2 protein chains.
Amino acid sequence: MNFTERQQQILAYLRQYGSASLQQLMEFTNSSESSIRRDLTELDKQQLIDRFHGGATLNQPLLSEKSLLEKSDESLTEKQEIMKLAAQHIRYGECIYLDAGSTIIHLIPHIVNKNVTVVTNGLMHVPLLMEQNIETVIIGGKVKAKTQAVIGAKAITQFQQYYFDRAFIGANGFSELQGYTTADSEEATLKQLAIKQSKQAYIVADHSKFGLSQFAKFGDLEDAILITSGLTDAQYEQLEKRTEVLRA
Amino acid sequence: MNFTERQQQILAYLRQYGSASLQQLMEFTNSSESSIRRDLTELDKQQLIDRFHGGATLNQPLLSEKSLLEKSDESLTEKQEIMKLAAQHIRYGECIYLDAGSTIIHLIPHIVNKNVTVVTNGLMHVPLLMEQNIETVIIGGKVKAKTQAVIGAKAITQFQQYYFDRAFIGANGFSELQGYTTADSEEATLKQLAIKQSKQAYIVADHSKFGLSQFAKFGDLEDAILITSGLTDAQYEQLEKRTEVLRA
DNA sequence: TATAAAAATGAATGTTTTTGAAAGAAAATT
DNA sequence: AATTTTCTTTCAAAAACATTCATTTTTATA
């Protein structure tokens with residue numbers, strides 16, 4: 001069973017969204033209606049998708065990544081929306097940093113065709129990145145047991161050697177007063193460095209993190225573009241006085 | 001089974017990137033379309049690759065979906081035996097290096113209570129190490145697609161910063177004449193460094209690797225203690241003239 | 001060393017597969 | 001019923017393919 005690259009892309013898209021219209025797949029893969037149709041019939045024959053009038057859905061949840069991407073999250077679609085918006089900022093061929101964490105992983109399906117190089121401290125991202133054939137560099141250092149994030153002094157020294165076009169970083173809390181915060185101070189140090197070592201940093205956090213402040217601060221609102229969703233207009237306006245905010 | 005240099009190159013390329021287009025292989029090997037095609041048909045006939053329209057992929061018996069330790073190996077118990085013996089050399093509290101690879105992973109269950117610190121370039125080892133609550137440091141650098149081993153220049157520089165009590169390294173071939181060899185030259189560089197940066201290095205390889213020599217050499221027999229099994233007494237004696245050999 | 005035979009190579013050839021577009025049929029929507 | 005959307009079929013162009021052949025390189029033999 002050997003798939004063309006385009007069929008792989010279709011599956012990647014379906015894994016992300018569960019279903020897709022023909023139009024969406026044409027845009028996503030940059031190919032013609034005919035080709036998509038042919039691929040869909042083929043994939044359908046292989047029982048990997050189910051077709052419906054106008055598109056297709058994933059048939060078998062492909063074990064490995066599915067479990068990675070789903071993670072039984074209530075805020076799943078919110079995360080997906082946020083990361084889709086984030087991906088639109090990435091240009092062809094750039095070098096980007098991906099922070100460890102369950103939110104950031106949702107960026108990966110959106111960067112398959114952008115020919116990016118990914119640098120990350122999140123070991124949990126690696127299988128998915130490899131599957132999408134994305135050039136990947138891992139930051140070395142101590143591995144944190146609970147989250148499989150790389151942290152520690154060795155990781156910090158390595159950061160000095162990299163410079164990114166964009167960095168995408170998760171936050172456990174963000175507020176006007178306290179800025180961006182997270183629970184682990186070692187992780188905070190890395191996040192801080194990632195902001196510093198990138199041309200443009202993006203903090204991604206869903207609405208539940210708004211107003212919270214955790215133990216370790218790693219930046220002020222001004223230090224990065226904030227990507228979030230689900231806030232009230234008043235809250236958005238308040239934040240926009242301090243930094244650029246992208247509403248997903 | 002005898003391969004031309006170009007066929008070796010093709011295999012090396014595929015091992016690194018997983019798949020390749022004809023164009024890529026033409027550039028990589030500096031040869032004509034015809035030659036590449038001829039090689040691909042040959043390699044396909046030998047069941048080493050799978051061809052698809054426009055290129056080829058490595059024909060690896062699907063290892064991804066197997067559980068980490070099982071991996072459907074005929075030589076499974078042999079590997080286990082070898083690694084069990086290897087583990088007996090590790091003392092409490094030591095710092096050890098674990099090479100990437102399916103053999104070495106079998107060492108992990110044997111070191112749970114030894115309070116060791118593990119340094120590794122094998123991302124595939126991490127989940128198991130975390131599960132056993134073993135202090136783990138990962139080498140940073142480019143991630144190789146097919147094997148999830150960390151390689152490249154960045155990995156090499158990092159090695160200079162570590163010094164191990166023991167290093168456990170896999171080999172795809174070992175022979176009196178050629179010493180220890182492996183297929184990927186980038187991995188070979190790391191293995192060589194690991195030997196150098198450790199007080200004592202161990203090469204582990206099952207009997208099927210005896211007499212084989214692959215593309216890239218990373219050491220002479222004398223450079224490490226050899227752990228293997230299943231050889232004849234004569235073969236053992238021959239090897240023991242050159243280095244210490246542990247018979248599993 | 002010289003020569004012939006064998007093997008490997010790269011270009012040229014025609015064939016097959018893949019692709020995107022067009023036209024009409026079928027299905028869904030209004 | 002009329003209209004829009006989606007589907008299938010068909011066709012020509014493009015890309016990838018196998019085959020052939022002349023040339024070069026390697027190997028074997030005189």
Side-chain angles (χ1 to χ4, degrees), chain A residues 1-60 92-93 109 112-115 131-133, chain B residues 1-60 145-146 177-178 183 185 213-216:
Chain A
M1 233 208 293
N2 226 327
F3 301 58
T4 69
E5 194 179 345
R6 197 181 45 243
Q7 285 170 336
Q8 294 274 20
Q9 287 178 17
I10 291 173
L11 286 178
Y13 191 96
L14 287 177
R15 281 185 211 119
Q16 165 74 8
Y17 296 103
S19 72
S21 73
L22 232 88
Q23 294 295 332
Q24 289 173 313
L25 291 174
M26 284 168 63
E27 278 181 39
F28 184 67
T29 63
N30 270 319
S31 45
S32 72
E33 189 185 323
S34 305
S35 296
I36 300 291
R37 284 194 192 287
R38 272 187 277 257
D39 287 337
L40 290 185
T41 18
E42 175 65 22
L43 291 170
D44 191 29
K45 201 187 293 173
Q46 309 209 7
Q47 311 243 351
L48 290 168
I49 61 168
D50 284 325
R51 296 184 75 174
F52 59 87
H53 202 86
T57 62
L58 202 59
N59 184 15
Q60 296 166 322
Y92 191 87
V112 278
N113 284 323
K114 301 211 173 193
N115 189 32
E131 200 149 319
Q132 313 288 354
N133 259 308
Chain B
M1 250 192 263
N2 225 340
F3 302 107
T4 68
E5 189 182 347
R6 198 181 46 242
Q7 285 169 337
Q8 295 275 17
Q9 284 180 10
I10 291 174
L11 286 176
Y13 191 96
L14 286 176
R15 280 191 206 102
Q16 179 155 354
Y17 296 103
S19 72
S21 72
L22 229 90
Q23 294 296 332
Q24 289 173 315
L25 292 174
M26 284 168 63
E27 280 182 37
F28 184 67
T29 63
N30 266 319
S31 45
S32 72
E33 190 185 320
S34 305
S35 297
I36 300 291
R37 283 193 194 288
R38 270 187 278 258
D39 287 339
L40 290 185
T41 18
E42 176 65 21
L43 291 170
D44 190 29
K45 200 186 294 172
Q46 311 222 7
Q47 312 239 357
L48 291 168
I49 61 168
D50 282 325
R51 295 185 75 175
F52 59 87
H53 203 87
T57 61
L58 206 57
N59 180 9
Q60 280 190 331
K146 213 69 193 188
L177 222 64
Q178 304 294 338
S185 66
S213 50
Q214 303 277 338
F215 174 61

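Quantities reported herein were computed from a predicted structural model and do not represent experimental measurements. Naming convention: chains lettered A, B, ... in sequence-line order (proteins, then strands); numbering from 1 in each chain.
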Review point. In whole angstrom, what separates B:R38's CZ from D:dT25's P?
Key: 15 Å

**Study point:** Minimum-distance pair of heavy atoms, taken over all atoms of A:S19 and A:F52
**Key:** CB-CE2, 4.4 Å

Review point. Across the strands shown, which category fits A:S34 at heavy-atom distances under 4.0 angstrom: base, sugar-phosphate, nothing?
Key: base

Check your understanding: Would A:R37 and A:E33 pass as an ion pair if we require N to O under 4.0 Å?
Key -> yes

Check your understanding: Starting at CE of B:M26 and ending at P of D:dA15, how long is that distance when rounded to a whole Å?
Key -> 14 Å

Point to revise | Separation of D:dT6 C1' from A:L25 CG (nearest whole Å) | key: 14 Å

Exercise for review: Verify whether one side chain among A:Q46 and A:E42 offers a donor that lies under 3.5 Å from an acceptor in the other.
Suggested key: yes

**Study point:** Spacing of B:E33 atom CD relative to D:dA16 atom P, expressed in whole Å
**Key:** 9 Å

Check your understanding: In whole Å, what is the span from the CD1 atom of B:I36 to the P atom of D:dA16?
Key -> 14 Å

Review point. Considering only C:dA28, C:dG10, D:dC17, which nucleotide approaches the side chain of B:H53 most closely?
Key: D:dC17

Review point. Rounded to the Å, how far apart are A:F52 CZ and C:dA27 P?
Key: 17 Å

Point to revise | Nearest-Å distance for atom pair CG/P, residues A:L40 and D:dT6 | key: 13 Å

Review point. At under 4.0 Å, does any side-chain N or O of B:R6 touch on OP1 or OP2 of C:dT9?
Key: yes

Review point. Rounded to the Å, how far apart are A:R51 CZ and D:dC7 P?
Key: 6 Å

Review point. Which comes earlier along DNA chain C counting from the 5' end, the contact point of B:D39 or that of A:S32, where each point is its nearest nucleotide?
Key: B:D39

Point to revise | Polar side-chain contact B:R37-C:dG10 base: donor and acceptor under 3.5 Å | key: no

Review point. If you measure from the Lys or Arg side-chain nitrogens to the Asp or Glu carboxylate oxygens, is any gap between A:D44 and A:R51 under 4.0 Å?
Key: no

